[in-house]
Amino acid sequence: MRQKIVAGNWKMNTDLDSGIALAKAVNDSASSKTTDAIMIIAPPSTHLSEIQKVLTDVKMSTQNCASEEKGAFTGEVSVDMIKSTGAEYVIIGHSERREYFNEDSATLAKKVDLCLSRSLRPIFCIGEVLSERESNEHFNVVFSQLSDGLFHLSEDELKNIVVAYEPVWAIGTGVTASSDQAQEMHAFIRLKIAENYGKEVADSISILYGGSCKPDNAKELFANQDVDGGLIGGASLKAEDFIQIVNAF
Ligand code: 13P
C-alpha cells in the first residue's frame with residue numbers, strides 16, 4: 001500500500017515564536033487524526049531545530065536545499081545542515097523556486113541526488129502553468145519535469161521520492177483543479193513512472209496534489225485512486241484547517 005501523506009508548506013510565513021506555536025498546535029491536533037496519513041510540516045529553515053523539539057507525531061521537511069554540498073555559497077542551506085536538524089523531507093522544485101529563482105531541471109536533479117545521498121526524502125514538485133494547459137501542453141510539460149528531474153535515478157532511489165503535482169494556476173489562487181483533472185494527471189504521472197520503472201514501483205510512489213487544497217475540497221480530491229494526499233500552502237497555516245484536510249481521507 002502507498003503511504004498517504006499530507007504536507008504543509010508554510011512558505012515564507014511565521015516568525016520563530018509564531019512558527020513554534022503553530023508547530024505545537026499541529027502536533028497536538030495529530031492526536032485527533034482519524035487516518036494513517038503521515039503529517040509533515042515544512043517551516044522556514046530558521047525555525048527547524050526549535051520546531052523539531054516540539055514535534056512527536058508530525059514529521060519535518062524543508063522547503064528547499066542547496067545544490068552544492070558545502071563551501072562558499074552565501075545564504076544557502078546544505079543537505080547536511082538540514083539533516084542535522086532532524087528534518088526527513090525536502091521540497092524540491094516548487095514552482096515558486098522554478099519561477100522566481102530560475103531553478104532549472106539540471107539543478108533540481110542535483111538537489112534530488114544530494115538529498116538521497118543523505119537519506120532525505122525529496123518531495124519533488126511538478127506542474128504546468130495556465131497557458132500550457134490552455135494550449136494542451138500540460139502533459140508534455142509535466143512529463144519533461146518528471147523525467148528530467150527523476151528518471152536518472154535507480155529503482156531503489158526512486159522509491160524514496162514523493163511526487164507532488166501542483167498545477168501552477170491553482171497555487172494560491174483559490175482555483176482548485178477539479179477532481180477529474182487531478183486524477184487524470186496523477187494517473188498519467190503514475191503511468192510514466194510505470195513505463196520506466198515497472199508497475200510495482202509506480203504503484204508504490206505517493207503522488208500528492210497541491211494547489212488551493214482546503215478542508216472543503218480535500219475529501220473529493222483524496223477520494224481519487226491516484227491522489228495519495230496533498231501539499232498544502234495557505235491552509236497549512238491554521239492547525240484546525242490542516243488537521244481537517246488530513247482527516248479528509
Ligand atoms: P496553496 O495551498 O496556498 O494554493 O499552495 C499550494 C502550494 O504551493 C503548496 O506547495
Side-chain angles (χ1 to χ4, degrees), residues 4-14 18-19 22-23 26 37-45 47-48 58-65 82 87-101 103 108 111-112 115 120-130 132-133 138 141-142 145-146 149 161-179 181-182 185-186 189 206-222 224 227-249:
K4 295 176 191 143
I5 298 172
V6 180
N9 175 8
W10 293 7
K11 306 192 181 183
M12 200 168 70
N13 293 296
T14 72
S18 61
L22 177 57
V26 171
I38 295 174
M39 290 169 72
I40 302 173
I41 55 172
S45 300
H47 306 6
L48 293 171
V58 175
K59 296 190 180 295
M60 201 167 65
S61 174
T62 64
Q63 302 172 15
N64 184 30
C65 68
I82 291 167
E88 293 172 60
Y89 294 81
V90 178
I91 297 173
I92 296 178
H94 192 281
S95 63
E96 288 149 19
R97 302 286 327 164
R98 292 177 190 262
E99 183 182 351
Y100 306 141
F101 303 96
E103 295 195 356
L108 299 177
K111 293 185 179 196
V112 167
C115 285
L120 291 163
R121 294 188 64 186
I123 300 174
F124 191 75
C125 303
I126 53 182
E128 80 284 357
V129 300
L130 186 59
E132 290 162 344
R133 179 165 279 266
H138 47 305
V141 169
V142 165
Q145 293 173 342
L146 181 74
I161 303 287
V162 176
V163 175
Y165 170 57
E166 299 205 301
V168 180
W169 46 271
I171 295 178
T173 58
V175 179
T176 320
S178 71
S179 176
Q181 285 172 325
M185 187 58 87
H186 283 228
I189 292 166
S206 299
I207 306 177
L208 315 184
Y209 169 81
S212 298
C213 184
K214 310 271 184 229
D216 62 2
N217 59 26
K219 205 177 188 74
E220 201 187 340
L221 288 160
F222 295 175
N224 287 297
V227 178
D228 306 308
L231 182 54
I232 317 300
S236 72
L237 295 171
K238 272 196 186 159
E240 314 88 81
D241 287 359
F242 191 59
I243 188 68
Q244 274 193 56
I245 294 174
V246 174
N247 285 337
F249 274 111

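Here the structure is a predicted model, which is why all the values come from computation and not from measurement. Atoms within each ligand, like the ligands themselves, are counted from 1 in listed order.
The nearest protein atom to atom 7 (C) of ligand 1, hydrogens excluded, is given as E166 OE2, 3.1 Å; this is a heavy-atom distance. The shortest contact between atom 2 (O) of ligand 1 and any protein heavy atom is with G233 N, 2.9 Å. Atom 3 (O) of ligand 1 has G234 N, 2.8 Å as its closest protein atom, hydrogens excluded (heavy atom only).
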Carefully, step by step, assess E96 and K11 under the rule salt bridge (charged side-chain N to carboxylate O under 4.0 Å, His left out). CA-CA 10 Å; E96 288 149 19; K11 306 192 181 183; 2.8 Å; yes
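Each of the following atoms of ligand 1 lies closer than 4.0 Å to a heavy atom of H94: 7 (C), 8 (O), 9 (C), 10 (O). Heavy-atom contacts of G211 reach the following atoms of ligand 1: 4 (O), 6 (C) (cutoff under 4.0 Å). Of all the atoms in ligand 1, the ones that sit under 4.0 Å from a non-hydrogen atom of N9 are 9 (C), 10 (O).
Contacts of L231 with ligand 1, taken as heavy-atom pairs under 4.0 Å, involve both backbone and side chain. At a heavy-atom distance under 4.0 Å, only backbone atoms of A170 (N, CA, C or O) approach ligand 1.
For the pairing with H94, the side-chain hydrogen bond (donor to acceptor under 3.5 Å, both in side chains) check across E166, E103, Q63 returns one residue only, E166.
In terms of N/O distances under 3.5 Å, ligand 1 is approached by S212. The N/O atoms of T173, backbone and side chain alike, include none that comes under 3.5 Å of an N/O atom in ligand 1.
Ligand 1 is approached by K11 to a heavy-atom distance shorter than 4.0 Å. Residue A235 places every heavy atom at 4.0 Å or more from ligand 1. Residue-ligand proximity: S95 is placed with every non-hydrogen atom at 4.0 Å or more from ligand 1.
Side-chain contact between Q145 and R98 is present, with heavy atoms from C-beta onward closer than 4.5 Å. Residues V162 and Y89 meet the side-chain proximity criterion, which asks for heavy atoms closer than 4.5 Å. No side-chain heavy atom of K4 sits less than 4.5 Å from a side-chain heavy atom of V227.
Not counting sequence neighbours, the partners of F249 by the ring-ring contact (aromatic ring centres under 6.0 Å, His included) test are F222. Partners of H186 under the ring-ring contact (aromatic ring centres under 6.0 Å, His included) rule, at least two apart in sequence or in another chain, are Y165.
In E132, the CD atom is crowded: over 12 heavy atoms of neighbouring residues, nucleotides or ligands sit closer than 6.0 Å. The number of heavy-atom neighbours closer than 6.0 Å to NZ of K214, taken from other residues, nucleotides and ligands shown, is above 12.
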